[in-house]
Amino acid sequence: MNENKRLTFAIISHPDAGKTTITEKLLLFGGAIHAAGAVKSGKSTKKTVSDFMEMEKDRGISISTSVMGFDYRGRKVNILDTPGHADFSEDTYRTLTAVDSTLMVIDSVKGVEERTRKLCEICRMRKTPIITFINKFDREGKDPMELLDEVEAELNITVCPMSWPVGQGQNLKGVYSIYEKRLILFNAHEIQEVENSLIIDDLESDELSKRIGESNAARLREELALITEIYPEYDEELYLSGELTPVFFGSAINNFGVRELLDCFVDVAPGPGTFEAEDRMVEAVEPKFSGFIFKIHANLDPRHRDRIAFMRVVSGEFEKNKIYTHVRTGKGYKTSNPTAFMAQSRNIIDTAIPGDIIGLHDTGTFKIGDTLTEGESVQFKGIPSFAPQIFRTVVNKDPLKDKQFKKGLDQLAEEGVVQIFTKLSTKQKLIGVVGALQLEVIQHRMEHEYKSTCKFEPVDFQTACWIAAEDKSVLDRFCGDNQSKIAQDVRGQLIYLAPSKWMLDRTVEEYEGLRYFFTSDFK
Ligand code: G4P
């Protein structure tokens, strides 16, 4: 078999840092699109639920931006979209379980922001390699060293600058690529294309002073000497284990610094890796096929109930029309139209290999986390649910439609739109989501797709986590003492609904051996 050249990654960032812009530039470099404006931005915190619905209804766009593939320098690059604005949801987290590495985009004016922190934490937990792009250097932002310090301190990762900006904002003169040992000059009036970027290879040359001025040239030489002293050299092993991040500076909107980033990225980013299953590690090079579903995309058009299940191929080769085992049900599964994604088009494919993401047309067979194999009972780990941040009690407004209500909620839970919990004491249903807009989406979808009207009522706790204890008597005592605050998730695992973070910390001290988990795969 040929060496697998897939590079499957996701971009993590806080909204507005430039994810959409950089995705577009990467696709332009990869020749997958030919004009800017082709990638639809999730745009703006101002988004309303109706905008979101409109966007989702535009099925072509939202599905084809879920995975964007292109070829670059011999590698097949797959960018997995991580919903980030109003549509931030568990899908964003789960997408990170299907990639081999990530690109983290940081706004040089704002520095490390909340959403980046959270997503980076998940990457660190999973040891996913991270490459960093500090964007918007055409604006007056924070000092580059200050930014590096911030990344290192806040994200608990070693930084290794691979490029270095010359000036900033109005005075941005260029970016020196430490990786390629050359300077690329910035011309604010002309968007940089690969062909016309001005390049200076020799830092001692007169040309350098002529182009950026004697003082800038001297400063660049000085700073480069300093950063070589301060920061460690690039270490592949540390990058691959997610402990060190190579950092690039630039301005995505000006297409500046992006090619340097992409070139390094395709050199260093890992190909399809090993995935942890419950009983063993599954390696990409294994001959037998295995893959898992990490996202299910529903069609909001009520006339078409079909869905698309996104599957990451982990090992072996997936073939069209071949019968595989759907591990959860033990039944056979066959498809005649698996879909691959290339930028904005979708094509039916015959085969797929590790690193590929394929779309499977689904009429209700799949749940998030389901596995397909050639027979082995593999269950991949690390496709957890994350403790939701927003909870509500959900009440069916029309008792005659109880069946529709239950079915709707169950299906939305299968898609991963919502997590459902049942309070042990009252059997009351609770729902949990990670983004506020999801509540409205749920209401809208329940009404339009399942003809069920529901309302939400506030809850009297602030935070929740899964609980476990090696000594069962500790768990029993805890549950007994806190009966009204214990619920079960759909898998029967216990969850503690804590009135406050403070209570959470306190109870840990009171019940020795009790443990809290913020993702559901703690076993
Ligand atoms: P996101 O997907 O991470 O949310 O960010 P997006 O790319 O949509 O960028 C957010 C805003 O930042 C956009 O401006 C975009 O043009 C701008 N931007 C991206 N990269 C750069 C950069 O290198 N320099 C500067 N100065 N701005 C940048 P907007 O006004 O919200 O939208 P638009 O009207 O420009 O599209």
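Quick note: residue numbers are just sequence positions, from 1. We count ligands from 1, going down the list as the structure has it; atoms in each ligand are counted the same way. Basis for what follows: all heavy atoms, side chains included, without hydrogens, waters or symmetry-related copies.
Applying the salt bridge (charged side-chain N to carboxylate O under 4.0 Å, His left out) test between D356 and each of R312, R6, K5 identifies R6 as the sole match. Applying the side-chain contact (heavy atoms from CB on, under 4.5 Å) test between W164 and each of L220, L183, V247 identifies L220 as the sole match. The one candidate from L26, L262, T23, T245 that meets the side-chain contact (heavy atoms from CB on, under 4.5 Å) condition with L103 is L26.
Taking every non-hydrogen atom of K19 and a distance limit under 4.0 Å, the qualifying atoms of ligand 1 come out as 1 (P), 2 (O), 3 (O), 5 (O), 7 (O). With ligand atoms numbered from 1 in the order given, ligand 1 contributes 1 (P), 3 (O), 4 (O), 5 (O), 10 (C), 12 (O) to contacts under 4.0 Å with heavy atoms of D16. Near T21, meaning under 4.0 Å from any of its heavy atoms, are these atoms of ligand 1: 6 (P), 7 (O), 9 (O), 15 (C), 19 (C).
Residue contacts with ligand 1, taken as heavy atom pairs separated by less than 4.0 Å, involve K136 via backbone and side-chain atoms alike. The backbone and the side chain of S251 each have at least one atom closer than 4.0 Å to an atom of ligand 1 (non-hydrogen atoms only).
Within 6.0 Å of the CZ atom in R221, the count of heavy atoms belonging to other residues, nucleotides or ligands exceeds 12.
By the 3.5 Å distance cut-off applied to N or O atoms, N135 is counted among the residues near ligand 1. Residue A252 places at least one N or O, backbone or side chain, under 3.5 Å from an N or O of ligand 1. Between I253 and ligand 1, at least one N/O pair is under 3.5 Å apart. The shortest N or O to N or O distance between G18 and ligand 1 is below 3.5 Å. Residue-to-ligand polar distances place D138 within reach of ligand 1: an N/O pair is separated by less than 3.5 Å.
For K110, there are no salt bridge (charged side-chain N to carboxylate O under 4.0 Å, His left out) partners, not counting sequence neighbours. For the salt bridge (charged side-chain N to carboxylate O under 4.0 Å, His left out) test, residues two or more places apart in sequence or in another chain that qualify with E154 are R117.
Judged by distance alone, the side chain of E243 and the main-chain N or O of R124 form no donor-acceptor pair under 3.5 Å.
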